[in-house]
Amino acid sequence: MGCSDNRCDFKLMKLHRRPMGDEDIEIQMKYCGVCHSDLHNAAGHLVGIKKLEYPMVPGHELAGIVTNVGAKVTGFQVGDSIGVGCMVDSCLECKNCKAGNEHKCLKENTGTYQGENKFGRAAVAGDTKLTLGGYTNKMVVHYKFAILIPKSYPLEMAGPVMCAGVTMYSPLSTHGIKSGSNVGILGLGGLGQMGVRIAKALGAKVTVISTSTAKKELAMKCGADLFVVSTDKAQMTGAKGTLDLILNTIPSYHNYVMYQSLLTSKGIQIILGLHAGLAAAMFLDPMVGGTSRIKMSGIGSIRETQEVINLCDKHQIFPDISVVPVTELNAVYSKLDSSNATGTRYVLDIANTLREDIVCDAPPPKIGPDTNKMSLGSIIMELVGLITCCRCC
Ligand code: NAP
Ligand code: ZN
């Protein structure tokens, strides 16, 4: 399922995967989660900072079954449950890659979609120049970028762990969240709900900060201890100075500095949503010698992805998902663009619904104006704002 331009009108397309190499794994796709990043990419929200190519096939929460392994593949066999997350290659030679942090590759990792085959393990086929993601029947991936899904873990739940899960797990684990820690999860959508569950499994007390009371029930179902409505002044004042770590998953540009008041004196807010604030936070922290109390985080390593799927299996952590036919993609994009009212993670039922005879006649999604401000100018303005803000460092 691909789209031809930034209207995100998904249609059935016939595109090609590269032939299998000795170190490749072939995957029969079963499910793919739909991340808000798919919408940002397809709708061109990242156009100021990233190359764009259409047709685009997003999807970086892949789950399927191994159907073939190259002669040099280790760790995977035909019949295994397998996942692929946000990257399919990196240089594997820089100091970050060698330390097992491929997601921080100094030469930039290769995205599962819209990535360039710079290091030779992410070749594409046909006329396509950039990688094609998981809204597809078949995937070919280098074995070093594949994740073994425990057999006991439901495959339809596993895709969301590959991006949403690891994106939350990585900062929780990096910042040493454990029993006694106080964690705030800001925005209860696909990432947020995984964040609540994983932080609870690590022993933290979790506060969900949401725009309305609508998701209180979901928050409590995920295991949250406290629920704060961000538009309620009294509730925000009540939560002042209580949180060691806030994971901010709000997808559009907003006043994130206002949430600093909820932190303890050494607390840190991590921006995860793809907007100018995330880019500014990325530059601010190194500029102040790593002392910024507004930081960013991006996905996680292959090791962390394997750790988090194992953790989810061990603690029976399951995301709240809605399995939908691929013909509903346009409707899903409309829902994600309007704040994901139910907080669910939509998961495409590839195995049962991605067939040559499907009819893709749904109207294009309703997508509002781009509020992410991801241009070089807006990022510099944001950085200047942060440097002069006394609550950030
Ligand atoms: P999602 O399912 O659409 O959920 C986002 C949640 O944020 C919504 O459910 C809503 O929660 C809240 N929200 C939405 N619009 C808002 C607004 N204008 N103001 C305040 N709150 C708002 O999205 P997702 O898949 O979790 O992704 C969240 C963000 O993380 C996206 O920007 C995505 O691209 C990014 N992301 C980043 C990384 C990374 O590596 N840094 C990885 C994956 C995704 P409430 O109803 O509770 O307020
Ligand atoms: Zn994602």
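Just follow the structure's listing: the first ligand is 1, and inside any ligand the first atom is 1. Worth saying up front: this structure is predicted, and the values here are computed from it rather than measured.
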* Using the Zn ion (ligand 2) as the apex, give the angle to atoms NE2 (H60) and SG (C163), rounded to 10 degrees. => 110°

* Asked: Relative to atom 11 (O) of ligand 1, which among V229, L188, L186 owns the nearest non-hydrogen atom?
  -> L188

* Just heavy atoms, cut-off under 4.0 Å: does L274 contact ligand 1 by side chain, backbone, both, or neither? -> both

* To do: Examine all N, O or S atoms of H36, backbone included, and report whether one is under 2.8 Å from the Zn ion (ligand 2).
  => no

* What do you reckon, does G298 have a nitrogen or oxygen under 3.5 Å from a nitrogen or oxygen of ligand 1? -> no

* Out of I271, T342, I250, whose heavy atom sits nearest atom 22 (C) of ligand 1? -> I250

* From C35, does some N, O or S atom reach closer than 2.8 Å to the Zn ion (ligand 2)? -> yes

* Asked: Hey, is K200 close enough to D225 for a salt bridge, meaning N to O under 4.0 Å?
  -> yes

* For ligand 1, which atoms have a heavy atom of K215 less than 4.0 angstrom away? -> 8 (C), 9 (O), 10 (C), 11 (O), 45 (P), 46 (O), 47 (O)

* Can you tell me if Y169 and E304 form a side-chain donor-acceptor pair at under 3.5 Å? -> no

* **From the candidates S297, P251, S37, C35, the one that places a heavy atom nearest atom 14 (C) of ligand 1** => P251

* Asked: Side chain, backbone, both or neither: which part of S252 has a heavy atom under 4.0 Å from ligand 1?
  -> side chain

* Do the charged groups of K118 and E108 touch, with an N to O distance under 4.0 Å? -> yes

* Asked: How far is atom 37 (C) of ligand 1 from its nearest protein heavy atom, and which residue and atom name does that atom have?
  -> L272 O, 2.9 Å

* Asked: Is there a donor in the side chain of H254 and an acceptor in the side chain of N248, or the other way round, less than 3.5 Å apart?
  -> yes

